[in-house]
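Notes follow the structure.
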Amino acid sequence: MTTDIGSAVGLRQSVSLIIPVRLRTDPEAWSEGPLPFEVGGHRTDVASRQTYFTHAAGRALYGSPRRPCRWHLFADLVRGPLHLHGLEILRTPTALRPRHALAVLHFSVPSAGLLDVLRALGGRAGAGPGPLDGPLAPDTLLAGIASPTDLGPATHPYTVAFLTPGPAETAVLRSGGVLPATADRWLWALASRSDESDFPVAPEQLPGQTERAVRISADWSALVLRHGAAFLGHRPDEGDGDFYDFAALHVRSVYLDALLLGIAQRDHIDELTDGLSGVFDGPGLARRVTGLERDIAGFRSTYWRQHLTAHGPANELLLAYHDQYRLPARFEEILAEAADYSRLVQTQDGQQIAGALGVLTILGLPLGTALSILQVLGDDDPAHLLLALTLALVATAAAFTTRYGRLVLASLRGSRASRE
């Protein structure tokens with residue numbers, strides 16, 4: 001029995017890595033759709049997953065027959081503590097990165113301590129070299145198709161870990177229906193990819209760290225953090241034929257998909273935030289605001305979903321990811337800021353229209369008055385007409401020297417500069 005996860009080895013251990021990549025070309029040699037895991041006659045292909053998600057969410061995650069956005073490739077490669085079972089690519093283009101995508105590597109961890117592997121994947125001090133080297137290096141696995149990119153918080157892969165305990169691991173097992181406090185400590189360690197030497201959590205702080213844990217059922221829980229998610233069983237795993245067969249299937253399919261959508265949403269919101277921060281860099285405010293409004297509308301139509309399915313856990317996982325990055329609040333700020341800039345552009349447009357009308361008034365009033373006088377007098381002498389035009393031009397020039405005329409000229413200059 002262990003109260004701290006340490007190097008404990010679960011009876012069933014897996015980890016899926018989510019890596020941002022730049023897609024060089026569509027992987028035509030791969031099969032379309034997500035990786036279809038199968039157990040007990042249940043297969044997690046596109047058809048079965050689309051019955052779980054709403055149509056809008058399914059379109060973002062799986063594309064359409066005419067425009068696929070996801071591909072998979074089965075694999076069987078063992079190196080060190082990791083056994084690679086398959087790879088996926090989900091294309092999630094943004095306005096500035098049209099070739100942006102998310103690669104998913106599906107591993108099982110047959111015998112090593114899962115937390116030890118997660119710490120190495122997260123680059124923790126003292127965790128040893130990362131296991132993604134040699135034939136398991138993402139550059140090697142995706143050669144010719146995609147190349148990993150460095151996108152800030154995704155410098156290390158986002159990890160989705162799953163562990164089921166044996167009967168001796170009473171620290172995570174329900175006793176009389178009650179979940180021990182140490183279960184959440186294990187859950188937090190797996191999701192954060194850290195042990196006590198990396199980040200010693202004070203006991204009184206742990207409830208705050210795990211308050212967004214998703215109790216999927218009495219048998220297992222999930223926790224979503226900024227750099228990783230974890231799923232942990234709370235009763236002994238009885239091996240093949242156990243409910244955990246289906247739990248592992250869900251972790252690698254629909255629950256993973258909910259997190260993939262959250263990561264795509266975060267990438268788009270990060271880009272929109274960067275775009276808004278540079279809206280006043282140089283001339284052409286109206287053009288940039290129009291482009292940002294178009295990008296916001298495209299993101300909102302394609303990716304911005306907070307309700308994925310009538311089934312609860314996937315929604316809760318997505319909302320937990322949202323909470324980690326404050327995505328709903330950030331998107332509301334983006335909408336409010338874009339609305340402010342749009343009003344500014346509309347004000348400048350109004351000023352330009354008013355300025356143009358002012359110019360027409362200043363130019364037309366003296367000339368129209370002079371010509372009307374000549375018409376009333378019935379005077380068609382060319383000399384008198386030329387004199388009237390000269391006097392009209394003098395009156396117009398004098399009008400432009402008044403406060404009203406200067407305001408009209410300043411308005412036109414300001415509106416023109418904002419559009420260049």
Side-chain angles (χ1 to χ4, degrees), residues 1-18 109 112-127 153-166 168-175 178-235 237 244 247-248 250-251 255-256 258-259 262-263 266 313 316-326:
M1 179 186 75
T2 61
T3 58
D4 184 75
I5 185 170
S7 298
V9 179
L11 295 184
R12 196 184 307 247
Q13 298 184 147
S14 68
V15 59
S16 297
L17 310 184
I18 302 173
V109 185
L114 180 58
L115 182 57
D116 293 336
V117 173
L118 292 173
R119 291 181 66 242
L121 289 168
R124 297 294 186 182
T155 300
H156 296 291
Y158 191 92
T159 53
V160 181
F162 176 64
L163 182 148
T164 59
E169 304 298 345
T170 57
V172 299
L173 302 179
R174 289 187 180 274
S175 178
V178 178
L179 190 65
T182 48
D184 279 348
R185 184 177 291 276
W186 277 46
L187 191 61
W188 184 86
L190 293 171
S192 65
R193 309 181 301 206
S194 61
D195 61 14
E196 289 295 320
S197 66
D198 302 316
F199 189 83
V201 180
E204 57 270 23
Q205 292 180 339
L206 187 62
Q209 297 280 357
T210 59
E211 62 182 1
R212 290 304 300 266
V214 179
R215 308 302 179 188
I216 301 174
S217 71
D219 289 339
W220 60 321
S221 298
L223 180 65
V224 178
L225 298 180
R226 293 177 65 86
H227 305 301
F231 295 79
L232 178 64
H234 298 311
R235 66 164 177 78
D237 188 346
Y244 285 129
H250 277 69
V251 169
Y255 296 163
L256 172 70
L259 295 172
I263 292 172
R266 187 206 67 203
E316 293 184 57
L317 293 170
L318 178 63
L319 293 178
Y321 187 87
H322 282 182
D323 185 64
Q324 290 295 316
Y325 286 93
R326 296 182 57 254

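The residues of the chain are indexed from 1 along the displayed sequence. What's counted below: heavy atoms across the whole structure, side chains too, no hydrogens, waters or symmetry copies.
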Distance, nearest 0.5 Å, that separates CG of Leu223 from CH2 of Trp186: 15.5 Å
Specify the closest pair of heavy atoms between Ala189 and Leu115, including all atoms of both residues, with the distance to one decimal. O-CD1, 3.4 Å
To the nearest 0.5 Å, tell me how far Thr182 OG1 sits from Glu169 CD. 10.5 Å
Rounded to the nearest 0.5 Å, how far does CG of Leu190 lie from CD of Gln13? 8.5 Å
Taking NZ, NE, NH1 and NH2 as the nitrogens, is one of them in Arg185 or Glu196 under 4.0 Å from a carboxylate oxygen of the other? yes
Is there a donor-acceptor pair under 3.5 Å between the side chain of Asp195 and the backbone N or O of Asp198? yes
For the side chain of His234 and the backbone of Trp220, is there at least one donor-acceptor N/O pair under 3.5 Å apart? no
Any Lys/Arg nitrogen of Arg212 or Asp184 sitting under 4.0 Å from an Asp/Glu carboxylate oxygen of the other? no
Minimum-distance pair of heavy atoms, taken over all atoms of Ala171 and Pro180: O-CG, 3.2 Å
Any side-chain heavy atom of Ile263 within less than 4.5 Å of one from Ile18? yes
Taking the side chain as every heavy atom from C-beta outward, state whether Val251 and Leu256 have any atom pair closer than 4.5 Å. no
By side chain to side chain donor-acceptor pair (under 3.5 Å), which residues pair with Arg124, not counting sequence neighbours? none
Could you walk me through whether Leu318 and Leu259 satisfy the side chain to side chain contact (heavy atoms under 4.5 Å, CB included) test, starting with their C-alpha distance in whole Å, then the side-chain angles of each, then the deciding distance to 0.1 Å, before giving a yes or no? CA-CA 6 Å; Leu318 178 63; Leu259 295 172; over 6 Å; no
For the student: nearest non-hydrogen atoms of Ala230 and Ala191, plus distance: CB-N, 3.5 Å
Residue set satisfying side chain to side chain contact (heavy atoms under 4.5 Å, CB included) with Leu317, at least two apart, ordered chain then number -> Val214, Ala222, Val224, Phe231, Tyr255
Please report the shortest heavy-atom distance between Pro165 and Leu173, naming the atom on each side. CG-CD2, 3.6 Å
Using the test side chain to side chain contact (heavy atoms under 4.5 Å, CB included), find all partners of Ala181 that sit at least two apart in sequence or belong to another chain. none
Closest non-hydrogen atoms of Ser217 and Arg174, given as atom of the first, atom of the second and distance, are O-NH2, 4.3 Å
If you look at every heavy atom in Ser197 and Arg119, which pair is closest and at what distance? OG-NH2, 3.9 Å
What residues form a side chain to side chain donor-acceptor pair (under 3.5 Å) with Asp237, not counting sequence neighbours? Arg12, Thr164
Sequence neighbours excluded, which residues qualify as ring pair (Phe, Tyr, Trp, His ring centres under 6.0 Å) partners of Tyr244? none
Under the side chain to side chain donor-acceptor pair (under 3.5 Å) test, residues paired with Gln324 that sit two or more places apart: none
Output the distance between atom NE2 (His250) and atom CZ (Phe162), rounded to the nearest 0.5 Å. 11.5 Å
Main chain of Arg215, side chain of Ser221: is a donor-acceptor contact present, judged purely on distance under 3.5 Å? no
Is a side-chain donor or acceptor of Tyr321 paired with a backbone partner of Leu225 at a separation under 3.5 angstrom? no
Hey, is the main chain of His227 close enough, under 3.5 Å, to the side chain of Arg193 for a donor-acceptor pair? yes
